[in-house]
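Here is the structure we will look at, set down as structure tokens.
Just so we're clear, the structure is a prediction, and the values are computed from it rather than from any experiment.
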Amino acid sequence: MKKLFIPLILLILINCNKSGKQQEIKSDLVEIISEDKVVSNVADMDEPPPPPPPLQEVPVSGISAKAVNLPSNISTSQNNIIVKKIIKNGDLDIQVGDIKKAHQQVNEIVKSNNAYVQTERFNNTDIDEKQFFTIRVPHKNFDALINSFSNGIGSVLSKNIASDDVTEEYTDVSIKLANKKIYLEKYRDMLRSAKTTKDMLEIQENIRELEDEIDVAEGRLRFIDDRVNYSTLNLMLYKEKVRSSATSKIGFGNRFGDSFTEGWNSFVTFFLGIISLWPFFLLIPIVILIWKKWRNRKKKE
């Protein structure tokens, strides 16, 4: 009996070990499956959300450096509407009958079109009178201002209107300005974390150069905006004076003196011209004398 009992006990123990191992394997599988589920859930959570709605496009002039979060080598113009930047200039010459009256009309037309006179100059000669104006007018009122001057003051002698499209330059300066502001913020962050004096000096020099370039770019944009928003017109009022014996400042006596002086000058010029020919007057008699002697010698032979 003892011999049979001992093998039975061993078989029971072996079976128990196998079942324990199977339970451990099952528990491990359960843990792996649960981990896979967790990983799959995490993966599902890490999936990118649906794309956001497209950003509202804004003009180039509205670019803000803080709102831009792109590398410097990416052109921000791809996400912006290009706003046309047109500079209009004009030159207008008008002949009038009365300079003072025309001047008053110019002031009224300028005021009615919300414009202003930037410079003014007056010339008065014996021949004519000229009044020069440099007028700045809002872009939308430029054509109306030209028509008012052309139709209401006098006779137009010449008119020249030019439009200059500076959209490309404005866009290029705006994009470079935004990128420089991004670099400036990065350099300021680097300056706050700099540890050595050498690094601080180098970063400060880079910051100074960037700030100068930003000032120049901003000044250029302000200048373009000013020229775009306000057009420039160079206006000239012209009045020709009537030359008569009664009204001319140049009287008969002055004209007689000028004519006498001009005649004397002509005589002096002629006399000096003759004197300048003295070599010919000297050589011609000698040539004639030699020719006569040669001719007489021929006759004797």
Side-chain angles (χ1 to χ4, degrees), residues 55-92 106-107 109-121 132-149 159-192 202-236:
L55 297 175
Q56 184 179 1
E57 295 180 339
V58 296
V60 174
S61 58
I63 291 176
S64 175
K66 294 182 179 179
V68 178
N69 192 17
L70 297 173
S72 60
N73 60 349
I74 297 179
S75 175
T76 58
S77 63
Q78 296 176 356
N79 297 324
N80 294 282
I81 295 175
I82 303 299
V83 179
K84 283 291 184 181
K85 296 290 183 178
I86 307 296
I87 298 176
K88 296 188 73 173
N89 297 314
D91 297 290
L92 187 62
V106 167
N107 291 334
I109 294 174
V110 167
K111 185 177 180 180
S112 64
N113 287 277
N114 296 324
Y116 67 93
V117 177
Q118 188 177 40
T119 61
E120 183 177 341
R121 182 166 55 90
F132 299 91
F133 301 90
T134 300
I135 301 172
R136 302 296 306 283
V137 58
H139 181 81
K140 61 181 180 179
N141 297 338
F142 182 75
D143 294 333
L145 184 75
I146 295 291
N147 294 332
S148 299
F149 285 144
K159 180 169 68 174
N160 181 25
I161 308 299
S163 297
D164 186 14
D165 189 347
V166 293
T167 307
E168 183 178 358
E169 178 187 0
Y170 192 90
T171 304
D172 183 63
V173 175
S174 299
I175 294 172
K176 290 181 179 179
L177 176 61
N179 291 333
K180 287 176 182 178
K181 287 183 177 180
I182 294 173
Y183 276 120
L184 181 61
E185 292 300 324
K186 291 182 179 179
Y187 276 122
R188 286 173 176 171
D189 293 338
M190 293 171 61
L191 181 62
R192 285 190 287 267
E202 291 180 356
I203 295 171
Q204 287 176 349
E205 180 64 20
N206 292 329
I207 290 175
R208 186 190 63 79
E209 292 179 357
L210 274 176
E211 287 177 341
D212 291 341
E213 294 175 1
I214 288 172
D215 290 340
V216 172
E218 289 178 341
R220 181 58 183 170
L221 292 181
R222 286 194 298 268
F223 175 80
I224 294 176
D225 283 332
D226 176 70
R227 294 297 170 179
V228 170
N229 296 331
Y230 275 82
S231 301
T232 304
L233 175 66
N234 296 313
L235 174 66
M236 183 193 73

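In this structure, the salt bridge (charged side-chain N to carboxylate O under 4.0 Å, His left out) partners of E213, at least two apart in sequence or on a different chain, are K180. The ring-ring contact (aromatic ring centres under 6.0 Å, His included) search around F142 returns none, not counting sequence neighbours. E120 is linked by a side chain to side chain contact (heavy atoms under 4.5 Å, CB included) to H103, V117, Q131, F133, counting only residues two or more places apart in sequence or in another chain. For D189, the side-chain hydrogen bond (donor to acceptor under 3.5 Å, both in side chains) test picks out R192, with sequence neighbours left out. Residues passing the side-chain hydrogen bond (donor to acceptor under 3.5 Å, both in side chains) test with E218, sequence neighbours excluded: K181. A search for salt bridge (charged side-chain N to carboxylate O under 4.0 Å, His left out) contacts involving R188 returns E185, E211, not counting sequence neighbours. Contacts of D226 classified as side chain to side chain contact (heavy atoms under 4.5 Å, CB included), with partners at least two apart in sequence or in another chain: R136. With sequence neighbours left out, T167 forms a side chain to side chain contact (heavy atoms under 4.5 Å, CB included) with I82, K84, K85, D165, T171. Scanning for side chain to side chain contact (heavy atoms under 4.5 Å, CB included) contacts around D143 gives K88, with sequence neighbours left out. Under the side-chain hydrogen bond (donor to acceptor under 3.5 Å, both in side chains) criterion, N107 pairs with no residue, sequence neighbours left out. Partners of K176 by salt bridge (charged side-chain N to carboxylate O under 4.0 Å, His left out), not counting sequence neighbours, listed by chain and number: D172. Residues passing the side-chain hydrogen bond (donor to acceptor under 3.5 Å, both in side chains) test with R208 are E205, D212, sequence neighbours excluded.
I207 contributes atom CD1, which lies 8.0 Å from atom CG of L210 (distance to the nearest 0.5 angstrom).
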